[in-house]
Amino acid sequence: MVKSFQVDHTNMKAPDIRIAEEIPVGRQNKIIKYDIRFKRPYKDDPMYPATMHSIEHMMATSIREISQATIIDFSPMGCRTGFYLTVLNPPENFISNDIKGAMIISLDMDEVPGADKKSCGNCYYHDIDDAKRELLDFLEFYYGIRLILR
Ligand SMILES: [Zn+2]
């Protein structure tokens, strides 16, 4: 069974970030797949798909802006409770610095990056305001940073 299916989803903390999978690449390198959980399965309402679509675009962009590590993928979970972030050789402080920073700079975006017909498969299906609300909640209840948007 796929590793991320093996954790108990009936007793999951959220917001939370955990390592879902660690894949060694040769002797020197490793790929880490993070589970960035926004919602507790079966306890919280899942996120709206349009909200997740915007978070996907915003975080996929901002994590690459802020991080020195090679970002392989940032993608939504089909169950709509979180995202997977896959990274090659993340630094020690990747969760406390890079992911947090990416969330903070996402809040500064005035529009969803790549939300045009050429770059996206459904560019009318976005909700940037709700995406920012979810990111604000994550920052407050996971990182303990209370931010107020202008
Ligand atoms: Zn898209």
Side-chain angles (χ1 to χ4, degrees), residues 1-5 7 9 12-23 25 29-91 93-143 145-150:
M1 191 167 43
V2 175
K3 270 203 182 120
S4 55
F5 294 162
V7 289
H9 283 72
M12 205 171 245
K13 223 176 84 176
D16 197 21
I17 302 176
R18 40 172 284 275
I19 291 177
E21 208 168 342
E22 205 171 315
I23 305 157
V25 182
N29 301 295
K30 61 185 174 188
I31 290 171
I32 307 261
K33 181 175 170 185
Y34 295 94
D35 171 334
I36 306 180
R37 194 68 62 156
F38 279 63
K39 303 292 179 184
R40 296 172 305 167
Y42 310 105
K43 295 191 176 82
D44 302 324
D45 290 330
M47 287 174 277
Y48 293 107
T51 302
M52 296 195 76
H53 187 198
S54 297
I55 294 175
E56 176 199 352
H57 278 236
M58 293 156 86
M59 286 294 290
T61 304
S62 57
I63 192 69
R64 287 177 173 90
E65 276 172 23
I66 206 162
S67 185
Q68 305 281 321
T70 302
I71 308 300
I72 296 169
D73 186 45
F74 185 91
S75 51
M77 294 176 184
C79 60
R80 290 158 43 205
T81 62
F83 298 85
Y84 286 117
L85 173 56
T86 309
V87 189
L88 176 69
N89 297 329
N93 61 355
F94 189 76
I95 293 175
S96 63
N97 186 75
D98 300 31
I99 299 178
K100 181 172 80 182
M103 288 185 178
I104 292 170
I105 61 173
S106 291
L107 295 173
D108 253 348
M109 293 174 174
D110 294 323
E111 51 189 53
V112 177
D116 57 79
K117 275 185 168 175
K118 228 175 176 160
S119 329
C120 173
N122 194 356
C123 70
Y124 306 118
Y125 198 63
H126 280 285
D127 190 336
I128 190 172
D129 293 329
D130 201 48
K132 287 183 180 181
R133 187 188 57 75
E134 292 290 0
L135 290 169
L136 280 172
D137 278 356
F138 199 101
L139 283 162
E140 178 169 0
F141 298 114
Y142 180 72
Y143 288 109
I145 307 170
R146 176 110 184 87
L147 295 170
I148 294 159
L149 293 185
R150 296 172 266 124

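When a residue number appears, it is its place in the shown sequence, counting from 1. Numbering of ligands and ligand atoms starts at 1, following listing order.
- Salt-bridge formation is detected for the pair Asp35/Arg18: a Lys NZ or Arg NE/NH1/NH2 atom is positioned less than 4.0 Å from an Asp or Glu carboxylate oxygen.
- Excluding waters, the set of protein N/O/S atoms under 2.8 Å from the Zn ion (ligand 1) reads His53 NE2, His57 NE2, Cys120 SG.
- To the nearest 0.5 Å, atom CD1 of residue Ile145 and atom CD of residue Glu140 are 10.5 Å apart.
- Partners of Pro49 by side-chain contact (heavy atoms from CB on, under 4.5 Å), not counting sequence neighbours, listed by chain and number: Arg80, Tyr125.
- Taking CZ from Phe94 and CG from Leu85, the interatomic distance works out to 4.5 Å, rounded to the nearest 0.5 Å.
- Side-chain contact of Asp130 with Thr51: a donor-acceptor pair under 3.5 Å is present, judged by distance alone.
- Counted within 6.0 Å of CD on Glu111, heavy atoms from surrounding residues, nucleotides or ligands total 12 or fewer; the atom is thus considered open.
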